[in-house]
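Each remark here refers to the structure printed beneath this line.
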Amino acid sequence: DNEINPNDYAPQAEPAPITTEKAPPPQAEPAPKLGNIITAEIEEFRNESSFPFEVFPSHVRRIITETNETLNFDKEITSVAILYGVSVAIGNRYLAQIKRGWKEHGLLYVGIVGERGAGKTAPIELVLQPFQDRNEQHKDRYESELAAYQAEQSKPRKEQDLNLKQPTLSQHLTTDATPESIYKMLDENPRGIGYHKDELVAWTKNFNRYNNGSEEELWLSMFSGSPISVNRVSSSPRFIPNPFVSVIGGIQPEVVTELVSGRQGNGFVDRILFLDRSELRREVWSLNELSEDIPQTWKTIVDTLFSFEKPEPQTVHFTTDARAMLFEWQSQLIASVKHDAEKRALTAKIETYAIRFALLLEMLKRACGERDLETVPMIQPDSAHGAIKLADYFTVSGMAVRESYDDPITSLPANKRAIYQALPAEFETSEGLEIAIQHGMKERTYKRFIKTEFFEKVSYGKFSKKY
């Protein structure tokens, strides 16, 4: 990768401008005290949203607010989807250097935990629409170039234009891929791609489905951007120096355990940013209409991010104040988890994500007109401060999800889980039946339910909950 030269930095395209009032110079703020956050009660966290929406530029906050008020999009899901969109847009073209010898790209692995039908997918699809549109444009161009190439190949050898190369398909997103096709896409798209899986557990279920290799190890190393060498008897060797595949998907609370089963020991689960929206429920449709310019505003932001691209990866440094802020926060983090092995494992990757968040926020602010584009990109204190807030949020959200690993009732379907939680610790059969009927369960289903491993029979006609 290259250090950025102030004399050659300039956007490579001219998307529609986004106008904003000139932002005041970013000021260093004291790093938030993590100890107050990491010890928070999980239920309080779930009941009172603490997502730091203020870390985003005003244009992005407007997108988040309007899609919530008109389309009922969950603000937290939309926010995380936008972070993911920024990750895909800059790919591996920019890396944040926190200290000499340590650089981080903006890759994310995101798992959104929520009930079926709770609205996890729609916000992601809206955010990813500009990338899908770009995919369509690339596909049309590829088909045109391929037709020209094939027409040239059909000519006699002496008449062929030997300088005409077989075209490759540029793309930014994929929804399903074997390791071999991932290798091919990265070879043809060296800036990286995004991988959207509607049900995230299907991603891990597919590990090693076509061979007995180590697909899970591939994703472990992909997270760090380690170079990939591929040697197959059936294909030409490939070398991918800067692999980049950002991942996002939804997961139902009752299958979280399935996703993490057998993976706690190798650090795979710790690499996933879990957004806990398990309490999210569908809402009554809003009569409000989305402003016509909202999709275009987001498209313009995405186009601007793409316009920053350089042929080779660029290194972005932290300002002195921004760097000091992250170092102070990390020191507090280490002190707060030193007596808890599970939190130590979780926060080890949160440290990495804090650097990545800072990079994503800085590039997003540049795309939204909150930075002078004539200056060299540097991560400012407000981006570092926002990154710390995001890291703290995902620490607690991750703890909330991890709490469910060992909680057997999370494996129950939503209706049975609601009934189980409504039942008192000990209850008469008739009392429990009344509660079950109130929740829409039939009597025979209830009688089968209380005979499962979730209950113990205390005496004739009386049961108690095991958990």
Side-chain angles (χ1 to χ4, degrees), residues 77-96 103-112 120-121 123-132 134-135 170-177 179 181-200 202-204 206 215-216 218-228 240-251 259 268-275 298 301-302 305-306 308-309 313 316 349-350 352-364 367 387 390-391 394:
I77 294 177
T78 305
S79 299
V80 173
I82 285 173
L83 275 176
Y84 175 79
V86 178
S87 168
V88 177
I90 67 172
N92 58 18
R93 299 295 91 179
Y94 286 86
L95 299 97
K103 298 177 183 180
E104 292 290 342
H105 48 37
L107 181 145
L108 307 176
Y109 289 170
V110 180
I112 299 171
K120 301 188 297 294
T121 303
I124 300 174
E125 290 181 340
L126 180 139
V127 168
L128 296 184
Q129 189 58 53
F131 300 91
Q132 300 288 12
R134 282 175 169 265
N135 271 7
S170 296
Q171 53 190 317
H172 304 293
L173 286 175
T174 183
T175 56
D176 188 23
S181 58
I182 286 285
Y183 298 145
K184 184 175 186 293
M185 282 187 283
L186 288 177
D187 200 22
E188 296 176 349
N189 299 272
R191 70 181 315 280
I193 57 173
Y195 186 20
H196 172 212
K197 205 66 176 164
D198 198 36
E199 293 293 339
L200 198 64
W203 173 40
T204 57
N206 289 339
E215 186 174 343
E216 189 167 315
L218 163 67
W219 291 102
L220 285 167
S221 61
M222 184 89 70
F223 181 84
S224 303
S226 302
I228 296 175
I240 304 165
N242 300 299
F244 183 101
V245 183
S246 248
V247 179
I248 194 170
I251 183 169
L259 182 142
F268 177 79
V269 175
D270 299 326
R271 288 164 167 79
I272 300 176
L273 289 169
F274 284 110
L275 176 65
W298 173 240
I301 292 171
V302 171
L305 287 165
F306 274 103
F308 294 155
E309 183 167 338
V316 182
K349 297 308 175 191
I350 288 295
T352 298
Y353 271 124
I355 303 169
R356 297 181 182 188
F357 291 151
L359 174 66
L360 298 178
L361 289 175
E362 185 62 35
M363 299 307 292
L364 182 58
L390 287 169
F394 279 108

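- Between Ser226 and Pro243, the shortest heavy-atom contact is O-CG, 2.9 Å.
- Between the side chains of Ser246 and Ser87, a donor-acceptor pair is found at a separation under 3.5 Å.
- Closest heavy-atom contact between Leu200 and Ile251: CB-CB, 4.5 Å.
- At distances below 3.5 Å, not a single donor-acceptor pair connects side-chain atoms of Asn242 with backbone N or O atoms of Asn92.
- The six-membered or imidazole ring of Tyr94 lies away from that of His105, with a centre-to-centre distance of 6.0 Å or more.
- A cation-pi arrangement is present between Arg134 and Phe306, with the terminal nitrogen or guanidinium carbon under 6.0 Å from the aromatic centre and inside a 45° cone about the axis.
- Atom-to-atom distance recorded for Ser181:OG and Leu186:CG is 9.5 Å, nearest 0.5 angstrom.
- Looking at every heavy atom in both residues, Ala202 comes nearest to Lys197 through CB-CE, 3.8 Å.
- A cation-pi geometry, defined here as NZ or CZ lying under 6.0 Å from the six-membered ring centre and within 45° of its normal, does not hold between Arg356 and Tyr109.
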Stepwise, does the side-chain contact (heavy atoms from CB on, under 4.5 Å) test hold for Val247 with Leu107? CA-CA 8 Å; Val247 179; Leu107 181 145; over 6 Å; no
Let's go through Val88 and Ile193 carefully: what are the C-alpha distance in whole Å and the side-chain angles of both, what is the deciding distance for side-chain contact (heavy atoms from CB on, under 4.5 Å) to 0.1 Å, and is it a yes or a no? CA-CA 6 Å; Val88 177; Ile193 57 173; over 6 Å; no
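- Remark: the backbone N or O of Gly249 is not paired with any side-chain donor or acceptor of Asp198 at under 3.5 angstrom.
- To the nearest 0.5 angstrom, Tyr84 atom OH is 8.5 Å from Leu108 atom CG.
- One N or O on the side chain of Asn189 and one on the backbone of Gln171 form a donor-acceptor pair closer than 3.5 Å.
- The nearest pair of heavy atoms linking Ile272 to Gly111 is CG2-N, 3.8 Å.
- Shown here for Ala354 and Ala391, the closest heavy-atom pair between the two residues is CB-CB, 4.1 Å.
- The two residues Leu361 and Ala387 come nearest to each other via the heavy atoms CD1-N, 3.5 Å.
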Are Glu104 and Thr352 close enough, and set up right, to give a side-chain contact (heavy atoms from CB on, under 4.5 Å), and what steps lead you there? CA-CA 8 Å; Glu104 292 290 342; Thr352 298; 3.4 Å; yes
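- Between Phe268 and Phe223, the distance separating the two ring centers is not shorter than 6.0 angstrom.
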